[in-house]
Amino acid sequence: MSISTSLFNERYSIARERRENNLWGNVELQFNTVSGGMASLNAKKPLTTTLDNRPWGKKLDGHLIVLGLAFLEGHEMTVDIDN
């Protein structure tokens, strides 16, 4: 899992404050589907690394999360993009 540096630093600070043993135990991400339902992907203790720079520049002030194959184990995912 690759995440933005700001999200990594935020999670690191919280984990240190709470004296947690690891940064990312079980991670679950949920997405709204076009049909109005919810889809969720999860992984146990995913390997996590930061992105050193923002490839999109400063136009987007948010977090980026890139998921690896560990999140798709046992699932099938289709992404449809129009136009």
* Asked: Is there a donor-acceptor pair closer than 3.5 Å between any side-chain N or O of Arg11 and the backbone N or O of Leu23?
  -> yes
* Path from Ile14 to Phe8 over hydrophobic side-chain contacts below 4.5 Å -> no
* Taking side chain to side chain contact (heavy atoms under 4.5 Å, CB included) as the test, write out the residues that go with Glu17, two or more places apart. => none
